Amino acid sequence: MIVETTLIGTISYSIGAGAFLLLTLLLAINFERRLQGSLLFLACFVTFIWLSLAAYQNWSGLRLASLIEAMENLRSVCWIAFLWSVLQGGSSDTNKGLGRYIVSIFIAFSVLLLGYELYQPLSGNRASQCAASCG
């Protein structure tokens, strides 16, 4: 049963990674030098990396949870930035200033969360630290 679940996860993540790789390559061929085109390319590329890592984890059995969670957060930031740029494309100049301020705060907060996600595996196992100091 576990083997079947792992196989389904590996196949699903691999198909998604292949689809986003194809989309990323198509976007690279028809690259537009606008902010929205760049953000869409970046979001698709980061999604491809995230799906590839998830497929590799399912296939190999390695524990890459912290890296995958960090990539998932980065993926979300990229997609939100792209969607925000699309929404801001048709708005007035007064709303663009407020929108840029809100996006800047959101991106700064997301970078802090991403740094925290990446710092956790480097800081060691908290359970073993507590067991050594508490008992």
Side-chain angles (χ1 to χ4, degrees):
M1 180 83 169
I2 294 174
V3 173
E4 293 173 1
T5 306
T6 303
L7 183 62
I8 291 171
T10 302
I11 291 171
S12 300
Y13 284 125
S14 297
I15 290 171
F20 272 97
L21 176 62
L22 180 63
L23 182 58
T24 302
L25 292 175
L26 288 174
L27 288 170
I29 291 170
N30 296 323
F31 189 71
E32 295 183 24
R33 302 217 180 259
R34 293 184 355 209
L35 177 64
Q36 293 163 342
S38 301
L39 289 173
L40 179 60
F41 175 80
L42 182 63
C44 289
F45 181 71
V46 170
T47 302
F48 159 70
I49 297 295
W50 171 70
L51 286 167
S52 299
L53 286 171
Y56 182 72
Q57 175 179 296
N58 277 338
W59 176 74
S60 68
L62 290 176
R63 301 305 303 157
L64 303 172
S66 296
L67 180 60
I68 291 173
E69 287 176 11
M71 287 303 296
E72 187 172 4
N73 289 338
L74 182 61
R75 174 189 65 101
S76 297
V77 168
C78 291
W79 281 108
I80 289 171
F82 166 70
L83 292 173
W84 190 269
S85 73
V86 169
L87 290 174
Q88 289 296 312
S91 65
S92 66
D93 288 335
T94 56
N95 290 337
K96 284 185 180 181
L98 178 62
R100 287 183 184 150
Y101 179 71
I102 292 170
V103 169
S104 299
I105 290 173
F106 175 77
I107 289 175
F109 183 69
S110 299
V111 167
L112 287 173
L113 286 176
L114 183 64
Y116 178 73
E117 285 288 330
L118 292 174
Y119 174 74
Q120 280 183 330
L122 298 175
S123 64
N125 187 357
R126 290 188 196 147
S128 64
Q129 290 174 353
C130 181
S133 65
C134 297

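Predicted model, so just to flag it, every value in this text is computed and none were measured.
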Practice problem: Going by the side chain to side chain contact (heavy atoms under 4.5 Å, CB included) test, name the single residue among L25, L40, T24 that passes it with F45. | Solution: T24
Exercise. Could you state whether L7 and I15 fall into the same hydrophobic cluster, counting links through intermediate Ile, Leu, Val, Met, Phe, Trp or Tyr residues with side-chain heavy atoms under 4.5 angstrom apart?
Key: yes
Quiz item: If Ile, Leu, Val, Met, Phe, Trp and Tyr residues are connected whenever their side-chain heavy atoms lie under 4.5 Å apart, and connections chain through other members, are L83 and L27 in the same group?
Solution: yes
Practice problem: Kindly state each residue pair satisfying salt bridge (Lys or Arg N to Asp or Glu O under 4.0 Å) with at least one member in residues 39-61, sequence neighbours excluded. | Solution: none
Between atom [atom1] of [X] and atom [atom2] of [Y], what is the distance when rounded to the nearest 0.5 Å?
{"X": "L23", "Y": "F41", "atom1": "CG", "atom2": "CZ", "value": "10.0 Å"}
{"X": "T47", "Y": "L42", "atom1": "OG1", "atom2": "CG", "value": "9.0 Å"}
{"X": "I68", "Y": "R63", "atom1": "CD1", "atom2": "CZ", "value": "8.0 Å"}
{"X": "L74", "Y": "W79", "atom1": "CG", "atom2": "CH2", "value": "12.5 Å"}
{"X": "L67", "Y": "E72", "atom1": "CG", "atom2": "CD", "value": "11.5 Å"}

Exercise. For residues L39 and A81, report the shortest heavy-atom separation together with the two atoms involved.
Key: CD1-O, 3.6 Å
Quiz item: Is S85 reaching over with its side chain to a backbone N or O of F82, donor-acceptor style, under 3.5 angstrom?
Solution: yes
List the atom pairs, donor and acceptor, that lie under 3.5 Å between side-chain atoms in residues 48-59 and the rest of the protein, sequence neighbours left out.
{"residue": "S52", "atom": "OG", "partner": "F48", "partner atom": "O", "Å": "2.8"}
{"residue": "Q57", "atom": "OE1", "partner": "L64", "partner atom": "N", "Å": "3.0"}
{"residue": "Q57", "atom": "OE1", "partner": "A65", "partner atom": "N", "Å": "3.4"}

